[in-house]
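Read through the structure below, which is laid out as structure tokens, and then see the notes.
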Amino acid sequence: MAERKSTRPRNATLSRLLASFAALSAIMVAGHVALNDTFSTLREKTYDLYQASAPIPLDFSQVAVVTIDEASLRAYGRWPWPRRQVAEVVDAITQSGVAAVGLDLFFSEPQGGPDGDASDAALAEALLRAPSVLAMSLDPNAGPLDIESKAGWTVVGLDPNAAAAVQGGIAPLPAFADASAGLGIVRTLPGRDGVIRHVPLVWAETRDGTDVRLWPTLALDLLRVAQGEASYTLRLEGVATDAVRAGGATVPLGEDGRIRIVDTTVRVPHVSAKDLLENGPSDALAGRVVVLAVDVAGVDQYHLTARGGHRLGADIHALLLAQMLNGRYLFEAPHARWIERGLFVGGALALLIILTAFSRRPFLAVLFSGPVILAPVAVGAVAYASRNLLLDGVQPAAGLLIMGAAGGYMLYREAERRRGVLQKQFSQFLSPEVVKRLAETDTAAALKVEDREITAMLVDMRGFTAMSGQLGAEKAVTVVNHFLAIASREIFAREGTVDKFMGDAVLAFWNAPLEVSDHADRAIDCAQAIIASVAASNPQLEAQGLPAIECVAAIESGVCSVGNMGTEQRVDYTAIGPTINTTSRLEGETKKMGQKMLIGPTAAGLSKRGLTALGEVELRGVEGPVTVYGPTAA
């Protein structure tokens, strides 16, 4: 069957869908760019989910935390302890053979009391005997720092004076600072939601607004001291290759100069200060980098981390140390934002193709759209699991879900529009059930002109012209409407298409717009039903004072051009071709042959019914005699 209609309506639908998709995609990408800071919190939640779902294991064999815990305070008194007591803990840690010990404690004021000076001196001596690192903090509200850095800095590619710096801070007493091997910052920077996910490894402090000094974080300086190094090498230019080197360890900083905390489920090894004070040095600390801290609620601060738990500050230092010692880091993928937007745009294009291809098969559209929508989530999960790279697949997936819903809605509206066109155009030609089926299958098929094999049927009232002159207009219309109602009912019951009403005749055909394999038999059965119904309803007419009527039918099959035809002012769904002309001329032969139904040779050849040859007729416009058939008498 040759289709002969332009695909312009289909292309127009695709153009509208494409334009709407492109506009919505552009708006969403622009919003993602403009509201990047707003979306950053949601992005961090996705990264938290990665760590919660598949925590990264860390090796703490080189790290430990010594805690002044509740048991220690019950045994040796409430905090703050005399510094002589702290010195005993530091000595016990040192004698355990540690690589370095960091005191996550502030000693910025002298100890009071009559024994204060001696107690401070004892702690200073303990710090001098140990590979110790003391905590300090940068604070813009504090006074200037009067201590010197313990480490030298070699800066590659960045002028330290160009760095954003904090003026002032809190430092240990000079005696303690002089006695220690290192000084490290312990300041934290939680996110908007209060979660600590990143820690700057390098801090900048300014003096007099011009001179800038660099300070390491406590964990970084512990790494340096543990290796016996005197200085750092720093590259910090806001690029992915930024890093800080301490001895044999090179720690990547990412593009923001910070290290992301790996919030592992592996427990950080803890040793109670009480055990050290009572039992002396511990073999469990030998060779490790140790952090000393107070682990008592209300004394030290606990921090909310990525997996939703609260950690002691010393545990966070231990996490950072374990990461640096084992080389386990979490960084965003290079150009992560553009990868996210690329996943969204690529997915939107795939959704457009899927929704267009399966616009009339909602189940398949949803089935194939699901993997496309979830693909960014899978990409992000694989990047995290295989390479410890962070990529937010949730935001692209959420955008694709919106796109899919919008596209589905647009296709739904388009389907409703086409369904409305069909109902308006075909309700007069087809039964409501057929119109519904047509709208649910392929509405485009109903709107094209094509060459298709059909079976045409022409049913005509016999003798109506003479009768109408005697009845008058009103009664004649009543009789005609009675006949047309019977014909339409029987045609619609067999899923036929009413081509047109021609006064006292009805032209119908089968196998268009919906295909039916037994179109010839349906036409024959319909003609018999109309003839029988007309005869059976004659008593009703006679009861109204109207004459009885009878009708004849002609049927033939063949290839015709079927579809919407007409002008801009009027369009009808109709069939044209030799088969229609042959059917009309066969109807004229019924009176000559005294038959109520004549069936052409092509329809007879397609029929599976028992038919009887009635003879041959000569039809105008048809070369040679034509054999005609009728139903075999029961």
Side-chain angles (χ1 to χ4, degrees), residues 1-2 4 426 428-431 434 438 445-446 448-462 483-484 486-531 551-566 572-591 593 595-609 611 614 617 619-622 626-631:
M1 293 177 288
R4 302 190 299 173
F426 284 92
Q428 57 183 319
F429 305 131
L430 302 168
S431 69
V434 175
L438 193 62
K448 65 187 178 184
V449 175
E450 62 181 354
D451 291 336
R452 177 181 287 195
E453 183 182 61
I454 64 170
T455 296
M457 178 192 73
L458 180 62
V459 183
D460 186 19
M461 290 175 59
R462 177 170 288 176
F483 165 70
L484 295 179
I486 292 174
S488 297
R489 182 185 70 232
E490 301 298 341
I491 293 169
F492 288 167
R494 291 157 183 83
E495 298 184 345
T497 300
V498 174
D499 188 319
K500 57 180 68 69
F501 296 140
M502 302 180 297
D504 60 341
V506 179
L507 176 63
F509 55 82
W510 279 260
N511 205 37
L514 290 181
E515 294 186 14
V516 289
S517 60
D518 58 341
H519 48 90
D521 285 333
R522 292 192 187 211
I524 294 170
D525 182 59
C526 183
Q528 289 180 308
I530 292 173
I531 292 170
C551 61
V552 295
I555 295 169
E556 179 57 318
S557 301
V559 176
C560 290
S561 295
V562 185
N564 279 332
M565 303 180 195
D572 285 327
Y573 188 80
T574 188
I576 58 174
T579 300
I580 303 298
N581 299 332
T582 300
T583 304
S584 177
R585 293 184 178 110
L586 283 174
E587 187 274 329
E589 295 294 322
T590 56
K591 183 176 181 181
M593 298 186 69
Q595 297 290 332
K596 290 187 177 182
M597 183 189 309
L598 290 180
I599 302 169
T602 304
L606 294 173
S607 175
K608 293 182 174 59
R609 291 171 170 267
L611 302 178
L614 301 177
V617 296
L619 298 178
R620 183 168 56 87
V622 179
V626 176
T627 302
V628 294
Y629 300 81

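Sequential numbering from 1 along the given sequence is applied to the chain's residues.
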Which atom pair, heavy atoms only, marks the closest approach of [X] to [Y]?
X	Y	value
Ala575	Asp499	N-OD2, 3.2 Å
Gly600	Tyr629	O-CD1, 4.3 Å
Ala456	Ile580	CB-CD1, 3.7 Å
Ala553	Thr590	O-CG2, 3.8 Å
Leu606	Ala520	CB-CB, 3.8 Å

What's the spacing between [X] [atom1] and [Y] [atom2] if we round to 0.5 Å?
X	Y	atom1	atom2	value
Ile486	Ile491	CD1	CD1	11.5 Å
Thr582	Ile555	OG1	CD1	14.0 Å
Ile524	Ser607	CD1	OG	3.5 Å
Ser557	Phe509	OG	CZ	13.0 Å
His519	Met457	NE2	CE	14.5 Å
Arg620	Arg585	CZ	CZ	4.0 Å

Would a 4.5 Å heavy-atom cut-off, applied to side chains only, mark [X] and [Y] as touching?
X	Y	result
Asp518	Lys608	no
Val449	Met565	yes
Cys551	Lys596	no
Glu587	Thr583	no
Met593	Val628	yes
Val559	Thr579	no
Val506	Ser488	no
Pro631	Arg609	no

Using modelled atom types and a 3.5 Å cut-off, is there a donor and acceptor pairing between side-chain atoms of [X] and backbone atoms of [Y]?
X	Y	value
Asn511	Glu453	yes
Thr602	Gly558	no
Arg522	Gly496	no

message = As a quick check of understanding, evaluate salt bridge (Lys or Arg N to Asp or Glu O under 4.0 Å) for Arg494 and Glu490, giving each step before the final call.
response = CA-CA 7 Å; Arg494 291 157 183 83; Glu490 301 298 341; 2.7 Å; yes
